[in-house]
Chemist: 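Submitted below is the structure of interest, expressed as structure tokens.
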Amino acid sequence: YFMLIRPQQRRMKEHRELLSNLDVGDDVVTAAGIYGRVSDLDGETIFLQVSDTVELKVTKESVVGLVSYDDETEDELVDDD
């Protein structure tokens with residue numbers, strides 16, 4: 001019980017807390033591996049801004065984690081061409 005069920009219950013509780021604390025402007029990653037910024041919340045649906053012109057509508061349950069970028073990572077993501 002303590003080796004299998006308890007850790008799973010703990011992960012489920014952490015996931016529920018993550019979803020209940022989501023807010024507009026949070027950077028998240030979905031279960032499908034899509035990174036985006038929450039632009040709107042509508043009940044069990046969220047809208048992710050993935051680029052300047054693309055917004056995706058996904059279920060709240062598909063979010064698996066928050067993403068935080070440090071300054072070095074953001075500099076690497078910017079294309080200076």
Chemist: For the pair Glu17 and Lys13, evaluate side chain to side chain contact (heavy atoms under 4.5 Å, CB included) and give the outcome as yes or no after the intermediate values.
Modeler: CA-CA 6 Å; Glu17 288 175 5; Lys13 180 181 177 187; 3.3 Å; yes

Chemist: Which heavy atom of Val63 sits nearest a heavy atom of His15, and at what distance?
Modeler: O-NE2, 2.8 Å

Chemist: Hey, what do you get for CG (Leu19) to CD (Glu44), rounding to the nearest 0.5 Å?
Modeler: 8.0 Å

Chemist: What residues, two or more places apart in sequence or in another chain, satisfy salt bridge (Lys or Arg N to Asp or Glu O under 4.0 Å) together with Glu61?
Modeler: none

Chemist: For Ser39, what residues pass the side chain to side chain donor-acceptor pair (under 3.5 Å) criterion, not counting sequence neighbours?
Modeler: Glu55

Chemist: Are Phe47 and Val24 linked, directly or through other ILVMFWY residues, by side chains that come within less than 4.5 angstrom of each other?
Modeler: no

Chemist: With Arg11, which residues qualify under salt bridge (Lys or Arg N to Asp or Glu O under 4.0 Å), at least two apart?
Modeler: none

Chemist: Val67: what forms a side-chain contact (heavy atoms from CB on, under 4.5 Å) with it, not counting sequence neighbours?
Modeler: Asp27, Val29, Tyr35, Tyr69

Chemist: Do the side chains of Arg10 and Arg6 get nearer than 4.5 Å, heavy atoms only?
Modeler: no

Chemist: According to side-chain contact (heavy atoms from CB on, under 4.5 Å), who are the partners of Ser51, at least two apart in sequence or on a separate chain?
Modeler: Thr53, Val54

Chemist: Below 4.5 Å, heavy atoms only, C-beta onward: do Leu22 and Leu66 meet side chain to side chain?
Modeler: yes

Chemist: As a test of understanding, state which of Leu48, Leu56, Ile46 forms a side chain to side chain contact (heavy atoms under 4.5 Å, CB included) with Thr30.
Modeler: Leu48

